Every structure is written in C-alpha cells, then in structure tokens.
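Comments concern the structure below.
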Amino acid sequence: VLAAYSGHTDCGLAALAFTESVDVDRLLVGTRYQAQFGQSPFAIARGMQFEQSIRADGYARVLELMRERMQFSVDDAKVVNLRVGYPRNRDGLEQRAVATRRLIGRVLEGSQEAPNLLDGAVLTGEIAGTTAYFEADAVAARFDGPIHAGEVKSFPVVDGRPEPDKLGAALDQVSVYLLLIGQLVEQLGGDPEAAISSKAMLIAPKNVGLTPTLETQDVAARVRRIRTLLGQPLPAAQSRAGIQPRVFERIADTSVPEKDRLRELNVLSSTVGTKLTSGCLATCGLARYCRSSHAACGSPIVGGEQLVRLLPGVQDLSRATELAAGVQPSAPEAPVARQLVRAGKLHAQRFGPEQVVAAGPVST
Ligand code: SF4
C-alpha cells in the first residue's frame, strides 16, 4: 500500500485515504466502480506454482540465478525461510519481525550463522504514527558484500522486459524494503550506506513459462523519494477543512444506496482534489471512478499524459473540439489552436463532420 501510495502523493483523495488507513481497493465494492484487482484463479495458481518452483530443492534455481547474474558465490549458502513455523496473524508478523532483526544483526556481525538468503523477512516502519509490518518476498541476500533486497513476481518478463507499470510497482516495493532495512541497520549500530546495496532484484518467470529470470535495477532515486515521503507530514492531515467526519465509512457502506455513496465521493473528491495518471489503473482501487469522473469532465488525462502535453492551456476536450472547429482562441490557447485547426481539417476530410458529445458530471 505504501509503495502504491508513493506514486500518488500529489493526489489529495489518495493522500487522505492513505492517512485514514482506508482500503481503497474495497471502498467501492458493490458499485459500478468496484476495483477489478482480483486475479483470475489461473493467474493465482500460476503465481503459487512459480513461487513453489523457486523454493524447491533448497532454493536451487534462485541461488543459481544469483550466481549467474550477480556473481554471488553461492556454495554452502544458508537460507532461512521465515514463512514457516509462525502463526499467520499479527502475532506471527511480530515474531517474524523479531527474528528478522536478529538475523540481520548476525549478517552485520559477519557471523558464521548468518543467512545468505532470507525469505519472508518482516520489516517494520512507522506510518502516520502507527507501526506497520511489511512482509518481504525475498530480502537480504548477502554474499561477501552488501545486503540486497528483491521481490518475486509471477508476471512474465518477455524478451528481458517486464511491463513498465508492473516493474515500477515492484521496484517501489523493493525500495520500501531497502529503506526499512536501512533503518534496521542503523538501529543495530551499522552504516546503511555501506551495508546495503541500492540494486534491487526482481525474480519473475521468463516469457510464458515458469523458468525464473533475475533482473536488477538501481533504485537509489526511488528509495530517496519514499524516504522523503515518509519524512513529511501527510498532506491531507494538514487540512481537513470541508471534510465530513467518517465520510469514508459512509462511502464504503454497502447497505447505503449506490447513488448516495457516489454523491458523497463526488463531494469529497472535489473538496480534496484528484490527480489522475495512467499509473492509477494498476495501483489505485479508485481508478475506475476517477477515470469516469475525468472522462465526464472531458479532461485530457483520459487520453494519457502525452495528450495532456499536447494540449497546454486547453481546459478540456470539448474546448479542444471547439478550437479545432475554428473558434477564436484565448491567448494561452493560441499556439495549440493553430495545430488543432489543422488537425480538425484533416479529420473532417477523412471522416466528415463529427457530432460533439457534451461533457457532464459523473452520474449518481
Ligand atoms: S485513482 Fe483517483 S484517487 Fe487514486 S491516485 Fe488516481 S486520481 Fe487519486
């Protein structure tokens, strides 16, 4: 959640929801804008199969990849799996966090007992005054060098290239782990700069099969961004003017008619503001609502960031259509208006005159 939010810090609605620990993926359950994040049973089964395959034979495939891609000397590697032997609840997370701290301490001491690979480490961080637990997929690989962190994902890496949105989200996750490991190292008296590598590892299946591949990327800039984010007061926490108490509870209440829930959300989002980006669809449970809302207003962002860049000074798509039809532009619109007129003529030659559909607010 933190990694996903780190990409939306300039969105007032996302910031407020994050501050109030609202699960935005579930906020609109039962409405037409319900988040569609659930994976198909086939995708879940494939993910589990992939994870099992890389843990088989004492993590042989992962260790082999680390030898090949990271030049780690993996002979006699010690692997600790903190996913087994602990209850699957908050108590279990607390116990695993203690075990993670102890094991990272051993790594820093250079102890013979220190693990080389730690699977399912649990890291802690303070988020808006609350201790949060972060369960990491594959953390703390250390072989005669700094500690590395990584993430196991089941999305395919086709021709060495994962999907950019998914890659970005995975790297943000690893960046959170690196930041939290750094804090832990500091608490243990170590130097995070020297003890931790900023090179993130991503282990994912190659193409459509289950053969694992390991990609690396430097995430120093992402770690800095997340550190800055956590060091700042959350924006929505600074000003709650105009925000009704318990508004998220009412929006999430499935016993309330959909039109009333959406009306509350319309008021809230126009009070705090939203900042739709093309990344929202993959990382925020309110994306379908926000996209529909921006589409109804004719916001250029529904065509992507490139369209926004192509229409500087133009308020919405209806206005772009008017300008393309030759309406007198204002001074800020003038440069782009010339291009729109040319585009309008080409469009008319090719398709004939189009009827313009008027924009309106999101239907409740
Ligand atoms: S989907 Fe909406 S609420 Fe979520 S980050 Fe994007 S604009 Fe903000």
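Below, each value reflects all heavy atoms present in this structure, side chains not excepted, and no hydrogens, waters or symmetry copies. Keep in mind the model is a prediction, meaning the values are calculated, not measured. Remember, it's 1-based here, ligands and their atoms both numbered in the order they're listed.
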Mode of R291 contact toward ligand 1 - side chain, backbone, both, neither (heavy atoms, under 4.0 Å): neither
N/O donor-acceptor pair under 3.5 Å between R288 side chain and A35 backbone: no
Atom CZ of R291 with >12 non-hydrogen neighbours under 6.0 angstrom: no
Any donor-acceptor pair under 3.5 Å from D159 side chain to R161 backbone: no
Identity and distance of the protein heavy atom lying nearest atom 6 (Fe) of ligand 1: C280 SG, 2.3 Å
Carboxylate-amine/guanidinium contact R263 D260, below 4.0 Å: yes
Protein heavy-atom partner closest to atom 2 (Fe) of ligand 1 - residue, atom, separation in Å: C290 SG, 2.3 Å
Close-contact set for ligand 1 against H8 heavy atoms, below 4.0 Å: 5 (S)
Electrostatic pair E322:R319 at N-O distance under 4.0 angstrom: yes
Per-atom contacts, ligand 1 versus T274 - under 4.0 Å to a heavy atom: 7 (S)
Ion pair check, E305 and R309, cut-off under 4.0 Å: no
Electrostatic pair E109:R106 at N-O distance under 4.0 angstrom: no
Atom 6 (Fe) of ligand 1 reached by C284 (N, O or S, under 2.8 Å): no
Contacting atoms of ligand 1, where contact means under 4.0 angstrom from a heavy atom of A287: 1 (S)
Taking atom 8 (Fe) of ligand 1 as the reference point, the nearest protein heavy atom with its distance: C11 SG, 2.3 Å
Numbering as shown, the atoms of ligand 1 that approach L276 to under 4.0 Å (heavy-atom distance): 7 (S)
